[in-house]
Every structure is written in structure tokens, then in C-alpha cells.
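All values below were derived from every heavy atom in this structure, side-chain atoms included, with hydrogens, water molecules and symmetry-related copies excluded. Convention: sequence-line order gives letters A, B, ...; per-chain numbering from 1.
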Amino acid sequence: MAGHGTSNYQPKNKVVRWVDSRLPIFSLMNEQAIVFPTPKNLNYLWTFGAILSFMLATMMISGIVLAMHYAANTELAFDRVEHIMRDVNFGWLIRYIHAVGASMFFFAVYMHIARGLYYGSYKAPREILWMLGVVILILMMATGFMGYVLPWGQMSFWGATVITNLFSAIPLVGPSIVEWLWGGFAVDNATLNRFFSLHYLLPFVIAGVVVLHIWALHEVGNNNPTGVSVKSSKDTVPFHPYLTMKDFFALVCFMVLYAYFVFYIPNYLGHPDNYIEADPLVTPAHIVPEWYLLPFYAMLRAIPSKLGGVVVMFSSLLILFVVPWLDTSKVRSAKYRPMFKIAFWVFVISCIALGWLGSQPAEGVYVMLARFFTFYYFAFFLILMPLLGIIETPKPVPNSIAESVLARHHGSTATVGSGEGRPDAAPAAPKKD
Amino acid sequence: MPLKSMTAAGLLSRFARLALAGGLAAGLSGAALAAEEGHSLIEKQDWSFGGVFGTYERAQLQRGYKVYREVCSLCHSMDRLAFRNLHQPGGPEFSEEAAKQIASEYQIPDISNETGQPFDRPGTLTDHFPAPFPNKAAAQAANGGAYPPDLSLIAKARAEHRGFPGFIVDAFANYAENGPDYIYALLTHYEDPPAGVEPVPGKHYNPVFLSGDWISMPKPISDGQVEYTDGTSETVEQYSADVSAFLMWAAEPKLEERKEIGFRVMIFLIVFAVLLYLTKRKLWRNVEH
């Protein structure tokens, strides 16, 4: 993790100095979490990184405690979850923290991704940072899906049946793959067992990729709302205390929302059918996945052919890997890209619309709408991203972060040596954060 | 997810408006579909356990238990409840003596430690509520082929699909009582089928029922069927409300503890957030950003 600050760190404490000269962990922490130079114009959308770290830790800790009381066996799983809810001390709290936490985790990750898309955080030199993020997203989806199977309710069972059956669409080897995934000829005890095993494993894999993600971030530094690279120390503040404090404040605000769901509407985001024990002989009227997978479920069902649907659904995730090369614009931030900005917000609306369509029956007008929004989802990446970079005329971009900050404050606050800068660069719009 | 759309409003282009209009049209047609299914008969009741400070009403849960015991339990099991639960805080809170008395009125099948032979003994606090039928097939045989579901979780396992605008409003309105609302509506909506509708043999007309208008369960309760000793009116409406509240407690026995802790957590977090904000503002005061 080179490139930031020089190693003039001299711990005062003797023991710390002794350790640090043998294992420079204190130097590393100092460099990466204390003095790490961070753009000073980051808005609150940049706090989702810290929030996501908190969520990963919360999910792992609550999950480990739940696993102490759970049994991955089709005869026992549903009973054990109710045992946690009724007889384990604060079991209801731990389970609701974990179940609602999954939704909060996805809400935060979608905000984080949307921010990256809006401000062009995927562009050079942050391509690998972005791609590692996509890997984390896919791992999160797999983990979330398998976690939903563990309570062994009706939606657990039928969700698992529908999703694993997707692989049967693969030509020739499809059915064999499905049996291999199941460990038998249907979703059953073997399936539940391996899903539990993987559900426990994958978060640690995610944690590993998160380390790489942060490593890549600290190599190239944060993007920022202007999209202009850091030019000098005038553009930055030390990570601690400035960003730690801001992140901490945002995190506690996020926890207010989280706590509201956990304590007042814990089952709001769940499906009532999952309080019915899994029954392979009774199919629910509508099989729906958790809300955070609904947009992808809508894309799957929008395509008339099964294989086509599966291909489209997986492509919708895989396409994210090539986003850094699909976008041809020289300007990073959508703030200075009037056309891209519109395309972006329509994309957001499309995702929300797909989410809603995923929860509706796959018939009539719903399917037509799902096709329309699926088309836009892909058109945004494959047509608009390459095209807009060529035909769009970006607004003037400030020369530096410091200049953009001064221009924004121009005339409002007394600034020493305040800039002639470029008053037209950033109109005196009220600051958002 | 719906939260994301908030900031979008000011930035909608002509194309975005078009997309939104499409979505709205579909939303309206969805609402129309829901209305056609007749589930708007489910009305929100005024439950003591609703809202931020909601608690169960002891007397109501005790009445509800009486209704369950004398009516529902003839066909429905309640596997996850033990007699000790009747005495635990946050529930009907029968005295320990009363709970022991209730338990002892049931005969529980057991196996003798001495002879190894099955025998029946009076229930104790640690026993779970015994099921009315030995197994599923026996339950079905006695109920015209229909299986009366276990009631332990029924108040969380049934809910009307709220549709597009409703489900967003519910989150802000802190509405989490759709289960008991459904049970109440179901129990109070046994009716004669409308003219021209052919009766289904062995089924009973109930427009609230989620899986169609015809339910296997006959009208379970009538006015005056269960005797209340505390002067509460003995009507189907009152019975239905009491038993719905009881079933909600059975499904969510830690609701009171949850809401009580939740309030303290919320106050702490909000005060903490304000303090952090003030600290953050002071820290950033001299930094142009």
C-alpha cells in the first residue's frame, strides 16, 4: 500500500515502537486509517463504504450467534428458528437483526453502486476497484439467497427450487448440474446442509475481497463529486478525524433506520409464507424472492425462453464488469454530464420498476413492461454509455477540488485568498450535504 | 428500494416521465386487480399491540385463550406453545397456579419410566399444547379432507397482498398488524353466497379467504357460544378480536419486550446522532468543503 504519506511515523509508546519495528501494523494503520489523504468535498453518499463494513461485521457476528442455535436439517430447521425466536435469550433480537440486516446490507450496497455509477468512480484508474466491488455484489447475492433458504419456510423451499432449476436451462449438462447442486433429485436435506455450509463460508470470502477492495481504493484514492483527481494537499483532509467523524455520524443515522425496522416492523420485508414450514407438496400461489433480487427475477421472467432468461439475468450482473470500458466519456462525474445524468436517473427508475414487476405475476402487461425496462437496463450500458461519451458536450469541469469548493462558497463565506477561480465552473447552487 | 426514487423527482426528463407513466398505469391496474379480488373487506382494527408503545391487553389474551381452547383447539393444533408460556411476562400472564391448573386439565400421552408402556398423565407447565389429532391424515379424515393448519404462527403466516402504494405507506405508518386484521376479517365474514353463485359442496362462502371465496372451515363461532365471566359482550366480533389478539401473541410472544427495548434504542441512537452531528460540524468548521 505505497504511495501515500512517508514513513515518518514514530510511535511514542516503547512497546508499540518495538512491535512496529518488527510488524509495522501501527504504521500501516496510521498511514491507511489516520493520515490517509481524502478529498474534502466528499458528500454523504461516500459514507456507505463505512456503513457496508459495519453491516458485514454485524451480519457475521449475529450470524455466528444464530448458527450456535440452528440446525441445518429439514426435520429441525424450522423448529430451531422458532426456538431461537421463543426460548433463546434475546434470540428474537439476534434473528431480526440478521434478517432485517440482509435488507439493510443490500440497500446500502445499491446506494454505494449507484453513487459509483453517478460520479464515474469506475473509470481509470479505479477499474479494478470497481470490478472487485462487482465480485462482492455477486457473492452477497449468493450468500443472501442461501441464507433465505435456511429457515426452511415455504418461500425458502420454493425459492431454492426455482433458482436452482435455472441451471437446468444449460444445454446438455443442465440437469446433471442441478442434481449436483441439490445433492439429490430434489431440494432436500442435502441441499439445506450445503447451503448452510456455504452461507457460513461466503461471508469470509466477502471479507477477503473487501480487503482487496479497500487496498485498491487506498492505492488510487477516493473519487469525489467533481470527478477531478486530487492535485495537491489543498484538495484533501486526513481521514481521521474528518472522515471517521462524518462516517460515524452517517452510520448512526443509518442505524436509526435499521433499528426502526428491527424493533417495529421486523417482518415487513419478509414474506408471510415463510412462516409456513416448507412443504414440497404445496406450491405457493406466487413464488417471489427477497426484494433485493426482484429486479433480476423480473429480467429472468421477461424473456420467453428459459435459457434466454437465465442468460439475460446473469448478463445483467456480468455486464457490470465491463462498465469501465463501455463508458467513453473523458469526464467522470455526471455533475458535468447533462445527458448522462438523465440516462442515469432513467436507469434508476428502470431498476425500481423492475423490482416492482418482479413481485407481480408474470403475465400480460407486467411482462411487456418488464421487457421494456430490461431493454433499457442493457441499453444504458451497451448503447448510451459508449454513445453519450461521444455525442455529449460536458459542462466545464473545475481545475481542482479546492477550486470547485471555493467557487461554491464564493461570496457566501469569507475565504482567505478566495478564488477568482472560474465562477462559471460551478454555479452557486446550495450545497447538498 | 423505494427510498431511492426520492431525489429523482427534479431530474426527470421527458423520457423518464414516459417511463414513470407506464409504471403508474401498471400500478393502477394492479390496484384494480386487487380490488376485484375483494380483499378490501379486510379493515384495519384498533389493536392494543399496534404502534410504537403497543402492549397486549392481558384480559383480552385470557379471553382469546378461552376462545381458542373451547373452539379453535377442537380442530387446530398449537405445537409451539407450552403451558409455561401462559404464565410468562408479555403474554396472558396467568398466575403460575392458574397456568399449572390449566395444564393439569389436559391429558398428555407419555411413556412410563418403570414399565416402558404408554400412558396418559396430567399436563405440567413444561408440556406443549397437545394436538387434537394424532397426525395429519387423521386431521384430514376428520375434516372432510382439509388439514386445519397449526395456529402457532398463523398471525404472521397470513396477510393480504398490499399492492403498490399500500406497501410503502405501511412502512411509514408502522403497520405490522395485517395478520390479526386478516384473521378478524375472516372470522367475521362468513356469509351466504351472492345470488347466482353455485355453492361448492363441503365448502363455505367467505369473501375474505385469501385462496378463493370458498373455505373448508365452517363458520367456527356464533354469538354467545363462549361464556365470558368479566362482562365483555359475547358477540362474534368480540370473540374474533380476542382470539386474533391471542394468536398474534402466540406468533410473536416477545412483541412487548421488542417494542420496549426498541424505544430505548431509538432514543439513544437519535440523541447520539445529534451529538455526533454537532461534533462533526465543529470539526469541519474551518475546512471549506
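- In the model, A/Lys40 has no side-chain atom that pairs as donor or acceptor with a side-chain atom of A/Thr236 under 3.5 Å.
- Other residues, nucleotides and ligands place more than 12 heavy atoms under 6.0 Å from the NZ atom of B/Lys44.
- The local environment of CG in B/Asn135 is crowded, with over 12 non-hydrogen atoms from other residues, nucleotides or ligands closer than 6.0 Å.
- In this structure, the portions of A/Asp79 lying under 4.5 Å from any heavy atom of chain B include both its backbone and its side chain.
- By the side-chain hydrogen bond (donor to acceptor under 3.5 Å, both in side chains) test, A/His240 is found to be paired with A/Thr244, residues two or more places apart in sequence or in another chain being considered.
- Between chain B and the options A/Ala285, A/Pro266, A/Pro39, A/Gly91, the largest number of non-hydrogen pairs under 4.5 Å is found for A/Pro266.
- With 3.5 Å as the limit, one finds a donor-acceptor pair spanning the side chains of B/Asp181 and B/Trp47.
- At a 4.5 Å heavy-atom cutoff, A/Phe106 makes no contact with chain B through either its backbone or its side chain.
- Only the backbone of B/Ala250 comes within contact range of chain A, with heavy atoms under 4.5 Å apart.
- At a 4.5 Å heavy-atom cutoff, the contact between A/Phe90 and chain B is made by side-chain atoms alone.
- Only the side chain of A/Glu277 has a heavy atom closer than 4.5 Å to any heavy atom of chain B.
- More than 12 heavy atoms of other residues, nucleotides or ligands lie within 6.0 Å of OH in A/Tyr268, so this atom counts as buried by the packing criterion.
- Contact record, B/Leu61 with B/Ala245: CD2-O, 3.5 Å, taken as the closest heavy-atom pair.
- For A/Phe248, the parts lying under 4.5 angstrom from a heavy atom of chain B are both the backbone and the side chain.
- Under the side-chain hydrogen bond (donor to acceptor under 3.5 Å, both in side chains) criterion, A/Arg80 pairs with no residue at all, not counting sequence neighbours.
- Most heavy-atom pairs under 4.5 Å with chain B: of the set A/Glu82, A/Met255, A/Gln154, this distinction falls to A/Glu82.
- For the salt bridge (charged side-chain N to carboxylate O under 4.0 Å, His left out) test, residues two or more places apart in sequence or in another chain that qualify with B/Glu256 are B/Arg58.
- Among all heavy-atom pairs drawn from B/Asn85 and B/Trp249, the shortest one is O-CZ2, 3.4 Å.
- Near-neighbour residues of residues 260-267 of chain B relative to chain A, defined by a heavy atom under 4.5 Å from a heavy atom of that chain, comprise B/Ile261, B/Gly262, B/Phe263, B/Val265, B/Met266.
- Across all non-hydrogen atoms, the minimal contact from B/Ser77 to B/Ala131 is CB-CB, 3.8 Å.
- Counting heavy-atom pairs closer than 4.5 Å to chain A, the top-ranked of the candidates B/Ala171, B/Pro253, B/Gly179 is B/Ala171.
- In this structure, chain A has heavy atoms under 4.5 Å from both the backbone and the side chain of B/Val52.
- Proximity to chain B (any heavy atom under 4.5 Å) is restricted, for A/Val237, to the side chain, taken from C-beta onward.
- One N or O on the side chain of B/Lys156 and one on the backbone of B/Ala251 form a donor-acceptor pair closer than 3.5 Å.
- In this structure, chain B has heavy atoms under 4.5 Å from both the backbone and the side chain of A/Ala259.
- The choice from B/Lys259, B/Arg158, B/Glu257 that makes the most heavy-atom pairs within less than 4.5 Å of chain A is B/Glu257.
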